[in-house]
Amino acid sequence: MSGDSPSPAAVELCYENLNGSCIKTSYSPGPRLLLYAVFGFGVVLTIFGNLMVMISIFHFKQLHSPANFLVASLACTDFLVGVTVMPFSTVRSVESCWYFGERYCKFHSCFEGSFCYASLYHLCFISVDRYIAVTDPLAYPTRFTTSMSSLCIGFSWLFSITYSFSLFGSGGNSAGLEELVSALTCVGGCQVAVNQNWVLVDFLVFIVPTLVMIIIYSRIFLIAKEQARKIESMSSKTETASESYKERVAKRERKAAKTLGIAVMAFLITWLPYFIDSVIDAFLGFITPTYIYEILIWFCYYNSAMNPLIYAFFYPWFRKAIKLIITGGVFKENSSTIHLLPE
């Protein structure tokens, strides 16, 4: 009898009073609180850490250099990820619902793409800068100038924003996938599908600067190894003052290249799995489970928090700058002229 059969478990919806609402996957209070804590910590670390990088470089005059302006602009892309992308993704990931409207869903995707590619192209230009600095440290200041740095920054931002907003804003990413998108669309969802043609273009836009960075940093480390060997062979010989200065400059530039090389590796390790999965997904009918997608995308987001940690670990000047900022030392008269770098 129907009265004896168990009633089906109640299905929880994103919007209980709306037809066509997405189904909500709820966590129990413990895991839910833990997820909010983990993601929230990532948001705070991303915003605070990259803000420290920007303030340090723009406030202290000794840090005003073409290379550091590139680093500050990179920090700005990561800062914007922390402000415009991660907080909303936190709610989506934990609540399994999108509560911020269809329009911001599209903007969210545009911001996500824009800042990802802006970070990538900043890192690519930084690798070019480091290559010039390591191969010709004395002539480097005249070869990579502020105007050259500005051009690199301008291209990184303009190309990334134009490409992402043109792709996601126009809906070109889902052309040919109308039936799939219609089937997946529900109130409280934010589904973004990229067709096979555009996912290949996407991957190409990602992989070209990636290969450039890999080639450049391979060359940098080979050159650094050769330079170290020369220094070792000359250690027993008398050096002139100019030779000694040249070696100090070269050593400093190699250290900077190594640090930024680690930042590049961190970017590739966190973003490459996501791009590979995107290509596979587009050709196999979007089979990636939601929880796998969330794990991959949060690896990408956490990359935006990594660079300040890398700088803090390897750069004494950054640790000094943070201390001055936190203790209010930057508000003292002539604080911008404080020397943070060794002579």
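As the structure is a prediction and not an experimental result, all values here were calculated from the model. Just so you know, these numbers use all the heavy atoms, side chains as well, and skip hydrogens, waters and symmetry mates. The first residue of the sequence shown is numbered 1, and numbering continues consecutively from there.
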Centroid separation [X] to [Y] less than 6.0 Å:
X: Phe88; Y: Tyr104; result: yes
X: Trp298; Y: Phe39; result: yes
X: Tyr99; Y: Tyr15; result: yes

Practice problem: Test His122 against every option in Ser73, Ser127, Ser160 by the side-chain hydrogen bond (donor to acceptor under 3.5 Å, both in side chains) rule and name the one that passes. | Solution: Ser73
Practice problem: Take atom CZ of Phe283 as the centre, draw a 6.0 Å sphere, and report whether it contains more than 12 heavy atoms from other residues, nucleotides or ligands. | Solution: yes
Path from [X] to [Y] over hydrophobic side-chain contacts below 4.5 Å:
X: Leu324; Y: Phe48; value: yes
X: Ile216; Y: Leu151; value: no
X: Val81; Y: Val38; value: yes

Hey, does [Y] have a side-chain heavy atom less than 4.5 Å from the side chain of [X]?
X: Arg92; Y: His108; result: yes
X: Met52; Y: Phe318; result: yes
X: Thr270; Y: Tyr302; result: no

Practice problem: Report the distance from atom OH of Tyr311 to atom CD1 of Ile262, rounding to the nearest 0.5 Å. | Solution: 11.5 Å
Do [X] and [Y] have side-chain atoms, one donor and one acceptor, less than 3.5 Å apart?
X: Tyr131; Y: Asp136; value: no
X: Asn307; Y: Asp78; value: yes
X: Ser336; Y: His59; value: no
X: Tyr301; Y: Ser89; value: yes

Quiz prompt | Ring geometry between Phe58 and Phe69 (parallel below 30°, tilted from 30 to 60°, perpendicular above 60°) | solution =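 It falls in the parallel class, under 30°.
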Quiz item: Mind checking whether Tyr121 and Tyr117 have parallel, tilted or perpendicular rings, split at 30° and 60°?
Solution: tilted
Quiz item: Do the numbers put Arg130 on top of the ring of Tyr140, so that NZ or CZ is under 6.0 Å from the six-membered ring centre and no more than 45° off the axis?
Solution: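 That pair qualifies as a cation-pi contact.
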Exercise. Return yes when the gap between the SG atoms of Cys186 and Cys14 is under 2.5 Å; return no otherwise.
Key: no
Exercise. Please confirm whether the backbone N or O of Thr145 pairs with a side-chain atom of Ser149, one donor and one acceptor, at under 3.5 Å?
Key: no
